[in-house]
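Taking it in order: structure first as structure tokens, then the write-up.
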2 protein chains.
Amino acid sequence: MNGPARIFRLERFFPYLVRRYYRATSGTVSRIYKSRFGLSVHEWRTMAVLNDYEPLSAKEIVARSSMDKVNVSRAIASLKRDGRLERHVDPTDRRRALLRLTGQGKRVMRELVPLVLAAEQRLLHGLSEAEIAQLESLMRRVEQNAERVLADEAPAASDTHEEARA
Amino acid sequence: MNGPARIFRLERFFPYLVRRYYRATSGTVSRIYKSRFGLSVHEWRTMAVLNDYEPLSAKEIVARSSMDKVNVSRAIASLKRDGRLERHVDPTDRRRALLRLTGQGKRVMRELVPLVLAAEQRLLHGLSEAEIAQLESLMRRVEQNAERVLADEAPAASDTHEEARA
DNA sequence: AAAATTAAGTTGCAAATGAAACCAAGTCAA
DNA sequence: TTGACTTGGTTTCATTTGCAACTTAATTTT
């Protein structure tokens with residue numbers, strides 16, 4: 001952490017530490033769904049959300065996954081093309097799509113879920129339950145600070161919008 | 001955290017929490033150097049490293065910033081084009097470039113550093129020194145787990161390589 | 001001394017992504 | 001009833017990024 005002298009050093013800069021942490025952790029998971037099923041991160045997250053709740057609209061997927069609607073739209077299109085997701089127009093509002101996984105999509109998730117859970121376990125290996133709870137709690141507080149900062153300086157900014165920088 | 005029943009829920013999946021955390025925190029910093037100077041994250045990090053040590057080779061920048069060499073190469077090219085960095089061939093090894101910030105590059109950093117440090121402070125607002133130390137420590141441990149996992153399964157993988165998935 | 005290999009960095013190409021514009025459908029005010 | 005506005009989602013275009021191949025230079029092996 002940069003001290004009161006406020007000397008800047010990249011290797012002590014908190015957002016940089018977060019980025020390295022994120023890069024390392026995400027790599028352990030993304031390689032699984034990418035190598036096994038050629039899934040992008042947005043496709044994986046879309047399927048993960050639909051695995052829990054169905055049917056959902058694209059907007060609901062956006063809300064439950066913190067992804068940008070453009071990325072959700074593209075993920076839906078490619079998952080549909082690959083036969084992993086089916087799409088029906090909502091008769092009560094024909095702008096809206098009702099989305100659910102196909103049988104094939106569900107089989108993919110049945111195979112992937114144990115693998116990604118095992119990867120998660122390896123990430124957290126050696127940490128006690130208390131430490132994990134502490135880490136998640138501290139991350140949440142920082143995230144809330146960040147959202148407050150982003151909201152203060154850009155009133156129109158959607159909080160589901162994604163950025164990939166630090 | 002997913003419990004012993006191993007039910008998968010995206011909103012409880014640790015890599016997903018890390019990704020949201022990362023997105024939020026990085027957004028608060030990247031907008032600063034992007035809006036002020038049109039800098040990409042790779043350009044910013046390249047400048048940040050050169051601000052501390054100079055001259056450096058591209059390879060040394062790669063090592064000190066955890067960026068991929070292709071991205072460093074591109075950042076160097078565009079910073080040079082914008083007059084913020086200068087590049088000299090190392091006479092002892094003409095494959096190698098010796099890189100340093102120009103006067104203009106240093107002025108950019110003089111303006112940016114207080115701003116990004118202030119952003120960092122806002123991210124960590126409300127956390128005690130002990131909590132920040134605890135958060136960084138726990139992040140480091142998880143990152144080490146991740147690197148171990150990545151190293152076990154891909155012996156040829158470079159640990160400086162970047163990925164942006166979860 | 002010459003060939004093979006390794007190193008430092010760059011470039012090409014395809015895919016992914018971000019920003020903005022667009023379209024069809026639904027709602028609301030006049 | 002009609003026009004204006006909002007909503008849900010898609011598409012376009014430009015930029016960024018990842019992967020692999022390439023180039024030049026240095027070192028190592030034969």
Side-chain angles (χ1 to χ4, degrees), chain A residues 19 23 26-27 30-31 33-35 38-46 55-81 85 87-99 154 156-158 160-166, chain B residues 19 23 26-27 30-31 33-35 38-46 55-81 85 87-99 154 156-158 160-166:
Chain A
R19 183 182 175 95
R23 296 290 189 185
S26 73
S30 62
R31 68 208 288 181
Y33 49 73
K34 196 177 184 86
S35 65
L39 288 171
S40 71
V41 61
H42 299 116
E43 290 163 340
W44 148 253
R45 279 158 75 174
T46 296
L56 286 178
S57 64
K59 171 179 175 137
E60 287 165 331
I61 294 173
V62 165
R64 290 177 182 279
S65 66
S66 304
M67 288 192 288
D68 185 63
K69 63 174 183 172
V70 175
N71 290 328
V72 171
S73 177
R74 287 168 173 152
I76 288 168
S78 64
L79 289 170
K80 181 166 174 290
R81 188 161 53 239
L85 171 152
R87 182 180 184 290
H88 301 285
V89 172
D90 184 342
T92 70
D93 182 343
R94 286 189 285 104
R95 291 173 298 179
R96 194 153 21 133
L98 295 176
L99 306 156
S158 161
T160 61
H161 190 40
E162 289 191 321
E163 283 282 359
R165 316 270 185 254
Chain B
R19 183 183 176 91
R23 295 290 188 184
S26 73
S30 61
R31 66 207 290 182
Y33 50 74
K34 197 177 183 84
S35 65
L39 289 170
S40 71
V41 60
H42 298 116
E43 289 164 340
W44 149 254
R45 276 156 76 175
T46 295
L56 287 179
S57 65
K59 171 177 175 140
E60 287 165 332
I61 294 173
V62 165
R64 288 179 184 277
S65 66
S66 306
M67 288 191 287
D68 184 62
K69 65 175 181 172
V70 175
N71 290 327
V72 171
S73 176
R74 287 168 174 153
I76 289 168
S78 64
L79 289 169
K80 183 167 174 287
R81 186 162 54 238
L85 169 152
R87 183 179 184 290
H88 302 284
V89 172
D90 184 342
T92 69
D93 183 342
R94 287 188 287 105
R95 291 173 297 179
R96 189 147 31 125
L98 294 176
L99 306 155
S158 162
T160 61
H161 192 39
E162 289 191 322
E163 284 282 358
R165 316 267 187 259

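Just so it is clear, the structure is predicted and the values come from calculations on it, not from any experiment. Just so we're on the same page: letters track the sequence lines, and every chain starts at 1.
Residue whose closest nucleotide on DNA chain D sits further toward the 5' end, between A:E60 and B:T92: A:E60. Remark on DNA chain D: of its neighbouring residues A:D93 and A:A77, the 5'-side contact belongs to A:D93, judged by nearest-heavy-atom nucleotide.
When rounded to the nearest whole Å, the span between CE of A:M67 and C1' of D:dT10 equals 16 Å. Note: CG (A:L79) to C1' (C:dA16) measures 15 Å, nearest angstrom. For the pair B:L85 CG and C:dG9 P, the computed distance is 12 Å after rounding to whole Å. Across the protein-nucleic acid pair, B:K80 atom NZ and C:dT10 atom C1' stand 13 Å apart, rounded to whole Å. In this structure, CZ of A:R96 is placed 12 Å from C1' of D:dG9, rounded to the nearest angstrom. In this structure, B:L39 atom CG and D:dT16 atom P are separated by 12 Å, rounded to whole Å. What separates NZ of A:K34 from P of C:dA16 is a distance of 7 Å, to the nearest Å. Look at CZ on A:R23: it is 9 Å from P on D:dT17, rounded to the nearest Å.
By the 4.5 Å heavy-atom criterion applied to side chains, A:R19 and B:S66 are not counted as neighbours. Here the side chains of B:E43 and B:S78 are in contact, with some heavy-atom distance below 4.5 Å.
Distances were taken from every side-chain heavy atom of A:V70 (C-beta onward) to each of D:dT10, C:dG9, D:dG9; the shortest belongs to D:dT10. With C:dT10, D:dT17, D:dG9 as the choices, the nucleotide that has an atom nearest any side-chain atom of B:N71 turns out to be D:dT17.
The base of C:dG9 has none of its N or O atoms less than 3.5 Å from a complementary donor or acceptor on the side chain of B:R74. Not a single donor-acceptor contact under 3.5 angstrom links the side-chain atoms of A:R95 to the base of C:dA24.
Between B:R31 and C:dG18 there is no side-chain polar atom (N or O) within less than 4.0 angstrom of OP1 or OP2. Distances shorter than 4.0 Å separate some side-chain N or O of B:S73 from OP1 or OP2 on C:dT10. Residue B:R94 places at least one side-chain N or O under 4.0 Å from the OP1 or OP2 atom of D:dA26. The side chain of B:K59 places an N or O atom within less than 4.0 Å of a non-bridging phosphate oxygen (OP1 or OP2) of C:dA8.
A:A97 comes within contact range of the sugar-phosphate backbone alone, with a heavy-atom separation under 4.0 Å but no base atom that close.
Applying the side-chain contact (heavy atoms from CB on, under 4.5 Å) test between A:M67 and each of A:V62, A:T46, A:V41 identifies A:T46 as the sole match.
At distances below 3.5 Å, at least one donor-acceptor pair connects side-chain atoms of A:R45 with backbone N or O atoms of A:S65.
For the residue pair A:I76 and A:R87, the shortest heavy atom distance occurs at CG2-CD, 4.4 Å.
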